[in-house]
Structure formats: structure tokens, C-alpha cells
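Quick caveat: nothing in here was measured; it's all calculated off a predicted structure.
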Amino acid sequence: ILNEHHIAGGSRDGGAHRGAFTLVTLVQNNTYLLRDPATAGGYWNAQMFDLFGLAPDPLQPTTPPPFERVAERIHPDDQARYQAYWRAIRDLREVALPDRPMRVLLPDGAVRWLTVRAQRIDGRIDAPVAGVAIDITDRMQSEQRAEENARRLQVASEAGRIGLSERNL
């Protein structure tokens, strides 16, 4: 069901783009955000709130939460990275913002890895930022397991004085 509020209205010039983002959300079930640094307004879809473990404001269910509220969910070791990312958006320093993987602490104590891909609409430095948040928890856990297995193999080979070789067939 397409909610007309998602298409109409919006921040400075973000309203015209909002419909396309909503359609992407419906088709691909992605999260997306639209943030206007000039007004601190914007748009988060329901999946965006879910990824961060946040509840939307019942009176403004698509308004992004304040920076401070999102920052409370960011893992302490990733706070500096998150704050630098937010400053880049707020201070209008970059047109395209690089991926910034970070951990989110959910209300149930679980840790979720997210990365946000964002850029300014129309490539203008003063334009609102549009982007998607991607849950990369499975990928990060797989990478951590692979690193742990490599360390165990290294310890075992050193302890057993075993020589290892690798072949690419």
C-alpha cells in the first residue's frame, strides 16, 4: 500500500524524490532516508526505525529522530565515526558520503552492524541527503569467524610445527 504522505510534502526539495524512494522500498524492502541538513527535517521509512531499534514519534511517524537519539544507539567504539558522518551531512562538506559501517545497540542487547550509503540529491552540496541503510550483520559475523579460524590455524600450525601451503586451482 502506497501511503500518499510518503509521496507528497517533504523538506525543501525532497518531496519530489520521495515517491521514487517509496517505490524502491516497496519493491526491494530497503530502508531509506532523506535528511535536510538546513532544516534538520527529512524522512525515515519504517524499516529505518526498525534497523536502529527506535520507535517513531506517533505524531510525526516519518520524521527522522534527532541526532542525539540515534547517537544513543551507536556502539561506543563507533561514536567518533558516526559523529564525523553526521558532521559531514550537517556541515555540507561532501556531495557523496562514503560507506561507514557501524554497530547499533538494540534495546534487547543485540548488536547489529549497519552501513549507510548516502549522497546529496542532484549532486548539489546544499541539497538534502538521500540514502539507504543496509544491515551487514551477517557479513561482519562471517568475516569475524573467518579471521578467528585463520588465527586458530596459525596457532595450530606453529604449535605442531606444521608447514602450510596454499594452492589456487
Side-chain angles (χ1 to χ4, degrees), residues 1-140:
I1 296 174
L2 192 57
N3 183 337
E4 290 182 23
H5 176 73
H6 296 181
I7 295 172
S11 58
R12 253 185 335 185
D13 56 357
H17 299 279
R18 199 171 278 164
F21 292 130
T22 300
L23 291 175
V24 167
T25 300
L26 291 173
V27 172
Q28 297 181 358
N29 200 24
N30 282 335
T31 61
Y32 73 90
L33 63 101
L34 185 65
R35 185 70 91 154
D36 187 343
T39 65
Y43 180 88
W44 271 25
N45 66 355
Q47 292 93 334
M48 194 73 172
F49 283 98
D50 289 344
L51 276 181
F52 281 89
L54 294 169
D57 180 337
L59 300 176
Q60 299 176 324
T62 60
T63 299
F67 164 79
E68 297 80 14
R69 189 166 164 224
V70 177
E72 291 171 359
R73 291 281 187 221
I74 304 300
H75 191 281
D77 293 343
D78 297 330
Q79 281 291 328
R81 186 177 326 160
Y82 174 72
Q83 292 184 26
Y85 196 80
W86 177 249
R87 279 191 304 276
I89 291 172
R90 186 194 64 212
D91 297 343
L92 306 173
R93 290 194 313 241
E94 301 178 43
V95 172
L97 301 166
D99 292 1
R100 305 280 171 121
M102 63 189 82
R103 289 163 287 183
V104 174
L105 304 172
L106 299 175
D108 66 0
V111 175
R112 176 178 288 152
W113 278 92
L114 299 180
T115 189
V116 176
R117 295 180 181 162
Q119 69 180 43
R120 306 247 179 239
I121 293 174
D122 300 329
R124 295 186 345 260
I125 198 73
D126 64 339
V129 174
V132 296
I134 302 165
D135 185 341
I136 58 170
T137 304
D138 291 342
R139 184 185 90 195
M140 296 303 286

- Where G53 and P107 come nearest, the two heavy atoms and their spacing: O-CG, 3.5 Å
- Output all residues satisfying side-chain hydrogen bond (donor to acceptor under 3.5 Å, both in side chains) with R103, sequence neighbours left out; order by chain, then residue number. D78
- Note on the structure: The reported gap from CZ in R69 to CG in L54 (rounded to nearest 0.5 angstrom) is 5.0 Å
- Query: Which pair of heavy atoms, one from D108 and one from A110, lies closest together, and at what distance?
  - Reply: OD1-N, 2.9 Å
- Query: Checking side chain to side chain contact (heavy atoms under 4.5 Å, CB included) for the pair L114/I134: CA distance, chi angles, key distance, verdict?
  - Reply: CA-CA 5 Å; L114 299 180; I134 302 165; over 6 Å; no
- Message: Measuring only between side-chain heavy atoms, which start at C-beta, is D135 closer than 4.5 Å to L51?
- Response: yes
- Query: Which residues satisfy the ring pair (Phe, Tyr, Trp, His ring centres under 6.0 Å) test with Y85, sequence neighbours excluded?
  - Reply: none
- Item | P56 and W44, any side-chain heavy atoms less than 4.5 Å apart | no
- Note on the structure: Correct closest heavy-atom pair for A55 and F49 would be C-CD2, 4.0 Å
- Query: To the nearest 0.5 Å, how far apart are CH2 in W113 and CD1 in I136?
  - Reply: 7.0 Å
- Item | Side chain R117, main chain A133, donor-acceptor under 3.5 Å | no
- Residue pair F52, I74: steps toward the side chain to side chain contact (heavy atoms under 4.5 Å, CB included) verdict: CA-CA 9 Å; F52 281 89; I74 304 300; 4.0 Å; yes
- What residues, two or more places apart in sequence or in another chain, satisfy side-chain hydrogen bond (donor to acceptor under 3.5 Å, both in side chains) together with Q83? Q79
- Stepwise side chain to side chain contact (heavy atoms under 4.5 Å, CB included) check, R73 with L105: CA-CA 5 Å; R73 291 281 187 221; L105 304 172; 5.5 Å; no
